[in-house]
2 protein chains.
Amino acid sequence: MPFTTVDVVIFTVIEARLRVLLVQRPNVKDDPCPGLWALPGGFVDVDRDDSLEACARRKLLEKTAVVSPYLEQLGSWGGARRDPRGWSATHVYFALIPAEGLQLAKGANAAEVGWFEVDEVLGWPALAFDHAEILRAAVDRLRSKVEYTSLPAFLLEEPFTLPQLQRMYEVVLGRDVDKSGFRTRMLAAHFLEEAGYVAGHSNRPAMGYRLRDRTGPVVFPRTFSPRQ
Amino acid sequence: MPFTTVDVVIFTVIEARLRVLLVQRPNVKDDPCPGLWALPGGFVDVDRDDSLEACARRKLLEKTAVVSPYLEQLGSWGGARRDPRGWSATHVYFALIPAEGLQLAKGANAAEVGWFEVDEVLGWPALAFDHAEILRAAVDRLRSKVEYTSLPAFLLEEPFTLPQLQRMYEVVLGRDVDKSGFRTRMLAAHFLEEAGYVAGHSNRPAMGYRLRDRTGPVVFPRTFSPRQ
DNA sequence: AGAATAGTGTCTCTAAGACAGTATAAA
DNA sequence: TTTATACTGTCTTAGAGACACTATTCT
């Protein structure tokens, strides 16, 4: 019988960079991947976890103390050789959380925890298990969904302004987005509601917005597609 | 420790209807859902299956004798109460196969196997386990992807004609599609290559096409969106 | 006044949608 | 010659993209 784990790919944006939470595995002999960086996760606890999603939520809460993030199932990876301990299957979720006021809790058996720039990590020689492949799938999914959904809104604390939201899009997509088109698109999709003016650090204050519906992103009928 | 299964939602189009393969569970006392219709699937065999996808492929081959279908991971469902035998997690794949020359093999422990109209099944009072929920998720995924990908091509044997492909779109979407726009869209996406004229039953022969790449569908930059 | 950021107006152009038309086969 | 299906052409229009413009705050 295969053993079952749940892993979570947690994204946030810090200092204008898309980052992912990684934990370092303990550098001891009996660990399957000693010393390597891994996605947070681990075994399902059949007594505490009522479902896979509940398990993912628990693991996310333990690491980041974030209660209600955006959480989406990414997929599952399973096979005979991905874990030296035997046939295993992991259910992977990915989460988007706002960076404001984040505090990391070191796990019991995790040597270190940190936020790493996604594009750097993708260039590393190895992550634990097949976590490099999983991370790549998560980044691909995120970048592709950002082209046609309102997902980046979940990277911001409410209320947020349209310029802030635009910056989230630009950070994730890795390219500039036209201001005017961006604004019409966001307002036309009707997923934002006004929440009063927010004073910035200086200069003209901007309108703050809240999501009408925090359960999921809105899907736009077209992708962002700059002319080449 | 949870136990691990793999289920497969197999779609095809027969007589202009989107259909799904279901198997009837044996009507015996020790079965968890006796007599109910279920998605084909079952336990992972750690000796025969090298990976989750290999397991799905095996189950599909056993039921339909189709060797290289379109196969995509749909998601996973796991929890304490979805199977009366205990905490379980299932990895679900969905497959698209052409209807031509299909032959069904009855499984060893399956009383009956059949192709059922999807919209009918969605109205049934119950399927085994949480398979009603899983089927709904699969249909939602399929219908939404059909709006912006070339997925319906995998419902046809090659070579196929553009009118045939259009019919697949119309069956899955449940609405008519404009011929002219459909053709420009398909040809502009450049995923088809000509394969000589195919004589229909009567009337003017149509150009046959093959997929340039059978590994996956092409993504269109916009969804089909008829004006309201 | 000047700088910085927020927000609007306008023009162009692509491609989708609607629909009428032409082309090629069989009966 | 009619019928059925395959395929093309043309017109309209929505909306994206580009970019210049105005508005409001702080220093």
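By convention in this document, chain letters (A, B, ...) are assigned in the order of the sequence lines, proteins followed by strands, and residues within each chain are numbered from 1. In this text the structure is predicted, and so the values were computed from the model without any measurement.
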Which atom pairs, one a donor and one an acceptor, fall under 3.5 Å between side chains of residues 126-133 of chain A and the rest of the protein, sequence neighbours left out?
| from | atom 1 | to | atom 2 | distance (Å) |
| --- | --- | --- | --- | --- |
| A:D130 | OD1 | A:R82 | NE | 3.3 |
| A:D130 | OD1 | A:R82 | NH2 | 3.0 |
| A:D130 | OD2 | A:R82 | NE | 2.7 |
| A:H131 | ND1 | A:L39 | N | 2.9 |
| A:H131 | NE2 | A:D7 | OD2 | 3.4 |
| A:E133 | OE2 | A:W77 | NE1 | 3.1 |

In this structure, how many angstroms lie between the [atom2] atom of [N] and the [atom1] atom of [X], rounded?
X	N	atom1	atom2	value
B:F182	D:dG9	CZ	P	19 Å
A:L165	C:dT5	CG	C1'	16 Å
B:E170	D:dT5	CD	P	13 Å
A:R222	D:dA16	CZ	C1'	5 Å
A:Y169	D:dG17	OH	C1'	17 Å
B:M186	C:dG17	CE	C1'	14 Å
A:F220	D:dG17	CZ	P	12 Å
B:N203	C:dT22	CG	C1'	16 Å

Query raised in the report: How about B:H91 and B:S76: does a side-chain donor come under 3.5 Å of a side-chain acceptor?
Result: no
Please list, for nucleotides 6-9 of chain C, all pairs of protein and nucleotide N/O atoms separated by less than 3.5 Å.
| from | atom 1 | to | atom 2 | distance (Å) |
| --- | --- | --- | --- | --- |
| C:dA6 | N3 | A:R204 | NH1 | 2.9 |
| C:dG7 | OP1 | A:M207 | N | 2.8 |
| C:dG7 | OP2 | A:R183 | NH1 | 3.2 |
| C:dG7 | OP2 | A:R183 | NH2 | 3.4 |
| C:dG7 | O5' | A:R183 | NH2 | 3.0 |
| C:dG7 | N7 | A:K179 | NZ | 3.0 |
| C:dG7 | O6 | A:K179 | NZ | 2.8 |
| C:dG9 | O6 | A:S180 | OG | 2.6 |

Report task. Would you please name every residue forming a salt bridge (charged side-chain N to carboxylate O under 4.0 Å, His left out) with B:D119, sequence neighbours left out? Result -> B:R143
Query raised in the report: So, B:T90 side chain and B:V92 main chain: donor-acceptor pair closer than 3.5 Å or not?
Result: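 Answer holds: no.
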Query raised in the report: What is the bend of the helix from C:dA1-D:dT27 to C:dA27-D:dT1 when you compare the axis at one end with the axis at the other, using five pairs each and rounding to 10°?
Result: 10°
Query raised in the report: Pairs in or reaching into residues 205-217 of chain B: which pass salt bridge (Lys or Arg N to Asp or Glu O under 4.0 Å), with residues at least two apart or in two chains?
Result: B:E158-B:R214, B:E193-B:R212
Query - Test side-chain contact (heavy atoms from CB on, under 4.5 Å) applied to B:K179 and B:Q166, step by step - result: CA-CA 8 Å; B:K179 184 167 43 170; B:Q166 186 178 344; 3.9 Å; yes
**Report entry** A:R222, A:R175, A:R141 screened by salt bridge (charged side-chain N to carboxylate O under 4.0 Å, His left out) with A:E147, the one that passes
**Finding:**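 Output: one option passes, namely A:R175.
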Query raised in the report: So which of A:T12, A:L142, A:V172 actually passes side-chain contact (heavy atoms from CB on, under 4.5 Å) with A:L96?
Result: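 In the set A:T12, A:L142, A:V172, the residue that makes a side-chain contact (heavy atoms from CB on, under 4.5 Å) with A:L96 is A:L142.
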Report task. Kindly write out the residues that satisfy ring-ring contact (aromatic ring centres under 6.0 Å, His included) with A:Y197, not counting sequence neighbours, or none if the list is empty. Result ->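 Scan of A:Y197 (ring-ring contact (aromatic ring centres under 6.0 Å, His included), adjacent residues dropped) gives none.
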